[in-house]
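In each ligand, atom 1 is the first atom listed, and ligand 1 is the first ligand listed.
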Amino acid sequence: MVQLLNEISSPEDLHNLSEGELERLASEIRTFLIEQVSQTGGHLGPNLGVVELTLALHRVFDSPKDSIVWDTGHQSYVHKIVTGRRDMFATLRTKGGLSGYPSRAESAHDLVENSHASTALAYADGLSKAYALRGEVDRCTVAVIGDGALTGGMAWEALNNIASAGNSRPLVIVVNDNGRSYSPTVGGLARHLSALRTLPAYERFLAAGKEILDRTPVVGNPVYGALHGVKQGLKDIVAPQALFEDLGIKYVGPVDGHDVTELENSLRLAKGFGSPVIVHCITEKGRGYSPAERDEAERFHAVGKIDSRTGEASSDGSQSWTSVFSAEIAEIGAENPDVTAITAAMQGPVGLSEFGKRHPDRFFDVGIAEQHAVTSAAGMAMAGLHPVVAVYSTFLNRAFDQLLMDVALHRCGVTFVLDRAGITGSDGASHNGMWDLSLLNMVPHLRVAVPRDAGTLREELREAVDVTDAPTALRFPKGPVEPAVPALERRHGVDVLYESERRTVLIVGVGAMAGPCVRVAHRLADDGVGATVIDPRWVKPVPEGLIRLARGYRHVVTVEDSGRMGGVGTAVTQALRDARVSVPVDVIGIPQRFLDHGSRGELLAELGLAEDALHKAVYSAVDLGPGKNGGFRRGGGTPSNLVPIADNA
Ligand SMILES: Cc1ncc(C[n+]2csc(CCOP(=O)(O)OP(=O)(O)O)c2C)c(N)n1
Ligand SMILES: CC(=O)[C@@H](O)[C@H](O)COP(=O)(O)O
Ligand SMILES: [Mg+2]
């Protein structure tokens, strides 16, 4: 039988399909997703859950005239398939290939590239207000937001405004409720939504609603009135429409999120209102793929390469930074009853599963609510506890003011553990944890450590948890932990990792960059350039030991997997200047720009942070002009083809 999927290259191709053909197409899309994403890795579970919903959306609304905003954007693969990008999926999340999130460069159907959750309703509020102000009353705005993203504060700020800003604008909020973020969604709202899903009355309501809708193909107010009547019965039990309707936003649902006909009827009804309305869809994350359906932990929310038949992940057995943190914080929790652990809906990914299992009463999942997480931690610290807030580096951006004014201003003993710091790569620009050190350097009283390997991660985490009169932070990258980098000695509080007799250049290797810097120093030694490599361990405040050491060198080069502007290099430059140590400093780090997706290794190489490039960069940075202090002339050429001059440094 001809694959319907091969006939779909734009939403228009969906319009003439029958109900049976739509069901067949949905099945083909699921097969396609499983085959493709098992090869590339990606958000398999979320996308398996929105197949019918996406088909219905593109049959009811006229994208891109109508705007469809995907909250977080990780569930937009089906949207990409039906908007002409099916044939690009072999390149999903690879450098130069298909992005794993909406991409304005890829399609006019894509609006929001930011992968940070809970933003869609605010975008939709702005879009719909603009269309109304410009008299474009036939342009509908649709926001698709998950139950997890709906736990984010921004979503409620937007709902508050959507409800109050006048209703003459077509705005459809589709709640994609699969009951999960990674793990089951938490909080009062989640209880509301899940209670409705499991109520016997809900089943009767669904049956009644479906029967009414089926008999009345053209939906409109009379049908809504009937639906509303049925729902009133639910209102007294517990139902989110009370929550939303009391806000002044109409509510349609709950709708079976895997029944295209029912979805279309509900969406057409909602579109017909011409004012803000919520369509509450009940979906299943991982639907149609038994390994995902059986995955009680995360329903295959984000997978690497897997065996498409079994769902088994291929693993090289390497230890990750996250797993080192996970084991150590669980131990610390056993030793220190004041230590609590907080996650924003990412218990597994940030390494708090073990802690949560061993210390359930001191583990808190606050939902996708980083701002709340941070200020709640401040409250815990004020009451004598020591909270550890574990979050991806990029998501702390969202809670900067809470860090600055709720934690640091009060010198609260809160420890922040920032995973996925630096270049993460495959998840695109908004997932790189490249702004953290620039932001953290601005925060008074905050102390920051950047471990270089498993041993220093354990050590610095314990040092951080021992600080009770100021906030502390640690940050480390995604993926396998760097091989152990032993210190020759700890001198004035910093670790000397490599030392040449000739004191030409002091290389400050920050965190995961320390190991590569040692390898570069060996290559520099082979070329006759004297280098010493240190790991400052704590980079904020800039350690006195670093300043003392720098006095003895002709040049300082700082190397960090974080922003050049405002990162460690900037702080070291400033600290040396303040200490009147007049030595030139070159800062090697990530330029302040939004990076296209690619692997961490590819992007580090592209940015000059891989070993070969570092070797060249130190050369071109270190001024070894002829007659001054030996070595190689500045810049130009590669080390091997420069004419060496006796290095008398
Ligand atoms: C501000 C922020 N915090 C955390 C994340 C990590 N994250 C990505 S998807 C996700 C779960 C989203 O759940 P939901 O909105 O219900 O979508 P679903 O995956 O269930 O379709 C989380 C926590 C994020 N993208 N943004
Ligand atoms: C969409 C989102 O924010 C997360 O699902 C993220 O993609 C996971 O990243 P990791 O794969 O690095 O855990
Ligand atoms: Mg969800």
Next item on the list: Give the numbers and elements of all ligand 1 atoms closer than 4.0 Å to a heavy atom of Met346.
Entry: 4 (C), 6 (C), 23 (C)
Check: Does Gln75 have a heavy atom less than 4.0 Å from any atom of ligand 1?
Finding: no
Check: Which residue and non-hydrogen atom of the protein lie closest to atom 24 (C) of ligand 1, and at what distance in Å?
Finding: Phe395 CZ, 3.2 Å
Next item on the list: Indicate the ring-plane relationship of Phe476 and Phe325, choosing parallel, tilted or perpendicular according to the 30° and 60° boundaries.
Entry: tilted
Check: If we only count heavy atoms from C-beta on, is the Leu48 to Val37 side-chain gap below 4.5 Å?
Finding: no
Item checked: Close approach, His43 and ligand 2, non-hydrogen under 4.0 angstrom -> yes
Next item on the list: Indicate yes or no: does an N/O atom of Ala345 lie under 3.5 Å from an N/O atom of ligand 1?
Entry: no
Margin query: Taking 2.8 Å as the cut-off, does Arg180 contribute an N, O or S atom near the Mg ion (ligand 3), distance below it?
Written below: yes
Check: What protein heavy atom sits nearest atom 4 (C) of ligand 2, and how far away is it?
Finding: Tyr182 OH, 3.0 Å
Check: Considering only the protein, which heavy-atom contact is closest to atom 13 (O) of ligand 2, and what is its distance?
Finding: Tyr392 OH, 2.5 Å
Next item on the list: Indicate yes or no for a side-chain donor-acceptor contact from Asp177 to the backbone of Ile282 under 3.5 Å, with no hydrogens or angles considered.
Entry: no
Next item on the list: Find all atoms of ligand 1 within a distance of less than 4.0 Å from any non-hydrogen atom belonging to Asp147, and give their numbers and elements.
Entry: 16 (O)
Notebook entry, point to check: Judging by distance only, is a nitrogen or oxygen of Asn178 under 3.5 angstrom from one on ligand 1?
Noted result: yes
Next item on the list: Give the single entry among Gln75, His301, Lys478 that approaches atom 11 (O) of ligand 2 most closely by any heavy atom.
Entry: Lys478
Notebook entry, point to check: Counting backbone and side-chain atoms alike, does Asp177 have an N/O/S atom under 2.8 Å from the Mg ion (ligand 3)?
Noted result: no
Next item on the list: Determine which of the N, O or S atoms in Asp147 is closest to the Mg ion (ligand 3) and give its atom name.
Entry: OD1
Checklist line | Side-chain donor/acceptor of Thr91 to backbone N/O of Thr94, under 3.5 Å | finding: no
Checklist line | Short N/O/S contact of Asn178 with the Mg ion (ligand 3) (below 2.8 Å) | finding: yes
Next item on the list: Would you kindly specify which portion of Arg180 sits under 4.0 Å from ligand 1, judged on non-hydrogen atoms: side chain, backbone, both or neither?
Entry: backbone
Next item on the list: For atom 25 (N) of ligand 1, find the nearest protein heavy atom and state the residue, atom name and distance (0.1 Å precision).
Entry: Ser115 O, 2.8 Å
Next item on the list: Just need the protein heavy atom nearest to atom 9 (O) of ligand 2, so name the residue and atom and give the distance.
Entry: Asp427 OD2, 3.6 Å
Check: Which heavy atom of the protein is the closest neighbour of atom 22 (C) of ligand 1, given with residue, atom name and distance?
Finding: Tyr182 CE1, 3.6 Å
Margin query: Tell me whether the rings of His79 and His58 are parallel (<30°), tilted (30 to 60°) or perpendicular (>60°).
Written below: parallel
Checklist line | Which of the ligand 1 atoms, numbered from 1, are nearer than 4.0 Å to a heavy atom of His116 | finding: 26 (N)
Next item on the list: Apply ring-ring contact (aromatic ring centres under 6.0 Å, His included) to Phe61 and list each qualifying residue two or more places apart in sequence or on a separate chain.
Entry: none
Item checked: Proximal ligand 2 atoms for Phe395, defined as those under 4.0 Å from one of its heavy atoms -> 3 (O)
Note to self: I'd like to check whether Glu370 has a polar contact with ligand 1, where a contact means an N/O of the residue lying under 3.5 Å from an N/O of the ligand.
What the structure shows: yes
Notebook entry, point to check: What residue and heavy atom of the protein are closest to atom 6 (C) of ligand 2, and at what distance?
Noted result: His431 NE2, 3.4 Å
Notebook entry, point to check: Below 4.5 Å, heavy atoms only, C-beta onward: do Ser308 and Glu35 meet side chain to side chain?
Noted result: no
Check: Looking at Arg85 and Asp110, does any basic side-chain N land under 4.0 Å from a carboxylate oxygen?
Finding: yes
Check: If you count the atoms of ligand 1 from 1 in the order shown, which ones are under 4.0 Å from a heavy atom of Gly146?
Finding: 14 (P), 15 (O), 16 (O)
Next item on the list: Would you indicate which of Gly286, Ala149, Gly153 comes nearest to atom 15 (O) of ligand 1 when only heavy atoms are counted?
Entry: Ala149
Item checked: Atom indices of ligand 1 within 4.0 angstrom of Lys285 heavy atoms, with elements -> 18 (P), 19 (O), 20 (O)
Notebook entry, point to check: Below 4.0 angstrom, N of the basic side chain to O of the carboxylate: do Glu296 and Arg180 qualify?
Noted result: yes
Check: Which atoms form the tightest heavy-atom contact between Ser99 and Leu92, and what is the distance?
Finding: O-CD1, 3.7 Å
Check: Is the closest N or O pair between Gly148 and ligand 1 shorter than 3.5 Å?
Finding: yes
Checklist line | Pairwise side-chain contact, Val443 with Phe400, heavy-atom cut-off 4.5 Å (strictly under) | finding: yes
Check: With respect to Trp321, which candidate in Arg475, Lys478, Glu482 satisfies the side chain to side chain contact (heavy atoms under 4.5 Å, CB included) definition?
Finding: Glu482
Margin query: Looking at Asp596, I'd like to know if its CG atom is crowded, meaning that more than 12 non-hydrogen atoms belonging to other residues, nucleotides or ligands lie closer than 6.0 Å.
Written below: no
Notebook entry, point to check: Which residue and non-hydrogen atom of the protein lie closest to atom 23 (C) of ligand 1, and at what distance in Å?
Noted result: Ile368 CD1, 3.5 Å
Notebook entry, point to check: Between Arg452 and Glu460, is there a salt bridge with N-O shorter than 4.0 Å?
Noted result: no
Notebook entry, point to check: Taking 4.0 angstrom as the limit, do Glu602 and Lys95 come out as a salt bridge?
Noted result: no
Notebook entry, point to check: Side chain or backbone of Thr185 under 4.0 Å from ligand 1, or both, or neither, by non-hydrogen atoms?
Noted result: neither
Check: Is any side-chain heavy atom of Arg420 less than 4.5 Å from a side-chain heavy atom of Phe395?
Finding: no
Notebook entry, point to check: Please state which protein non-hydrogen atom is closest to atom 1 (C) of ligand 2 and give its distance, to 0.1 Å?
Noted result: Tyr101 OH, 3.1 Å
Margin query: Any side-chain to backbone donor/acceptor pair from Asp66 onto Thr141? Under 3.5 Å, distance only.
Written below: no
Notebook entry, point to check: Looking only at heavy atoms of Thr424, does any of them come nearer than 4.0 Å to an atom of ligand 2?
Noted result: no
Next item on the list: Considering heavy atoms of the protein only, find what lies nearest to atom 8 (C) of ligand 1 and give residue, atom and distance to 0.1 Å.
Entry: Thr72 CG2, 3.9 Å
Next item on the list: Provide, to 0.1 Å, the distance between atom 9 (S) of ligand 1 and the closest protein heavy atom, together with that atom's residue and name.
Entry: His301 CE1, 3.4 Å
Next item on the list: Provide the closest heavy-atom pair for Arg600 versus Gly422 in the form atom of the first, atom of the second, distance.
Entry: NH1-C, 4.4 Å
Note to self: Suppose we measure from atom 26 (N) of ligand 1 to each protein heavy atom; which comes out shortest, and what is that distance?
What the structure shows: Ala117 N, 2.9 Å
Checklist line | Residue Asn176 vicinity, atoms of ligand 1 by number, heavy atom under 4.0 Å | finding: 21 (O)
Note to self: For the aromatic rings, using the six-membered ring if either is Trp, is the centroid distance between His431 and His597 under 6.0 Å?
What the structure shows: no
Item checked: Polar side chain donor-acceptor pair, Ser430 to Ser115, under 3.5 angstrom -> yes
Notebook entry, point to check: Which residue and non-hydrogen atom of the protein lie closest to atom 1 (C) of ligand 1, and at what distance in Å?
Noted result: Arg398 NH1, 3.3 Å
